Colleague: 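Structure provided below as structure tokens; questions to follow.
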Amino acid sequence: MKLPMRGGCQCGAIRFEITERPLTLYCNHSEASQQETSSAFSMSLLVPREGFKFLKGGPTAFEIKKESTAKKPKMGLFCDKCGTRIANDTKGNPSLSVRASCLDDRAQLRPVGHIWVKSAQDWVVLHEDDLIYEEAPDDGYYALMERWAAQEHA
Ligand SMILES: [Zn+2]
């Protein structure tokens, strides 16, 4: 995966850049993610805060209140012109959960796992080699990060 990576919202009002290697990429099948994306799941790219910056525009934020696992305040960052979700920002976390679907180059993206599979749409077919979690990982996403690093170096 080549750095920097750039992306933006659907209308172009917001552009961003990723300058540090992402920690992992996974699909989130939670009901909240389905609602957020108006789709079956979100693609979450964990990016160190220092490695993410806005190049153009800035997001509007709202507090996500319905996450069943949320212990810390979690903000959804979106474009107030077109509504595209850019990232989720959990207060105190060292990384942002960037919506990988916003990247300009999505061809190089290969998620290493799936979380909240218990609420996945029943037509979704998971790759048997992927890391699969019924709910949120209880290891601090360690295995997902390790698998991602191994894939990056393969
Ligand atoms: Zn926009």
Side-chain angles (χ1 to χ4, degrees), residues 1-117 119-127 130-131 133 135-137 141 144-145 147-149 151-152:
M1 186 165 272
K2 286 190 186 116
L3 296 173
M5 293 187 280
R6 294 207 169 109
C9 67
Q10 195 171 20
C11 78
I14 293 179
R15 295 290 298 160
F16 64 81
E17 183 175 66
I18 294 170
T19 55
E20 284 192 27
R21 190 167 289 278
L23 304 172
T24 191
L25 174 66
Y26 58 88
C27 295
N28 186 336
H29 298 262
S30 71
E31 290 181 18
S33 286
Q34 292 180 26
Q35 193 175 41
E36 172 196 314
T37 58
S38 306
S39 187
F41 52 84
S42 66
M43 285 171 64
S44 299
L45 186 70
L46 297 190
V47 178
R49 283 181 187 280
E50 319 79 70
F52 182 93
K53 70 176 177 191
F54 288 102
L55 300 173
K56 180 186 171 196
T60 297
F62 78 101
E63 185 167 355
I64 302 166
K65 295 192 185 290
K66 283 190 171 178
E67 288 272 295
S68 57
T69 55
K71 296 176 185 83
K72 298 179 271 191
K74 185 175 179 179
M75 309 299 287
L77 309 181
F78 66 98
C79 173
D80 67 5
K81 292 187 175 64
C82 70
T84 302
R85 181 71 65 88
I86 304 294
N88 286 345
D89 181 0
T90 301
K91 203 174 172 96
N93 278 10
S95 59
L96 292 171
S97 179
V98 177
R99 293 296 163 261
S101 311
C102 292
L103 290 169
D104 296 338
D105 182 5
R106 297 181 289 271
Q108 59 181 333
L109 300 173
R110 173 68 173 89
V112 295
H114 298 264
I115 73 171
W116 286 103
V117 165
S119 53
Q121 295 289 308
D122 62 11
W123 48 264
V124 169
V125 178
L126 303 176
H127 198 281
D130 288 347
L131 296 168
Y133 301 88
E135 297 185 354
Y141 294 76
L144 285 165
M145 290 191 275
R147 177 72 65 90
W148 175 258
Q151 176 182 282
E152 283 286 281

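Just so you know, ligand 1 is whichever comes first in the structure, and atom 1 is the first atom listed for that ligand. Worth saying up front: this structure is predicted, and the values here are computed from it rather than measured.
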Colleague: Angle class for the Phe54/Phe16 ring planes (parallel below 30°, perpendicular above 60°, tilted otherwise)?
Modeller: perpendicular

Colleague: Return the CG to CG distance between Leu46 and Leu144, rounded to the nearest 0.5 Å.
Modeller: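 Result: 8.5 Å between the selected atoms.
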
Colleague: Keeping to distances under 2.8 Å, can you name the protein N/O/S atoms close to the Zn ion (ligand 1)?
Modeller: Cys9 SG, Cys11 SG, Cys79 SG, Cys82 SG

Colleague: Nearest 0.5 Å please: distance from the CD1 atom of Ile115 over to the CG atom of Leu131.
Modeller: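 It comes to 11.5 Å.
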
Colleague: Can Tyr133 and Tyr26 be said to form a ring pair (Phe, Tyr, Trp, His ring centres under 6.0 Å), step by step?
Modeller: CA-CA 11 Å; Tyr133 301 88; Tyr26 58 88; 8.8 Å; no

Colleague: Show me the pairs that pass salt bridge (Lys or Arg N to Asp or Glu O under 4.0 Å) and involve residues 23-36, at least two apart or across chains.
Modeller: Glu36-Arg85, Glu36-Arg99

Colleague: Does any N or O in the side chain of Asp105 come within less than 3.5 Å of the main-chain N or O of Ala107, such that one atom is a donor and the other an acceptor?
Modeller: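 Present.
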
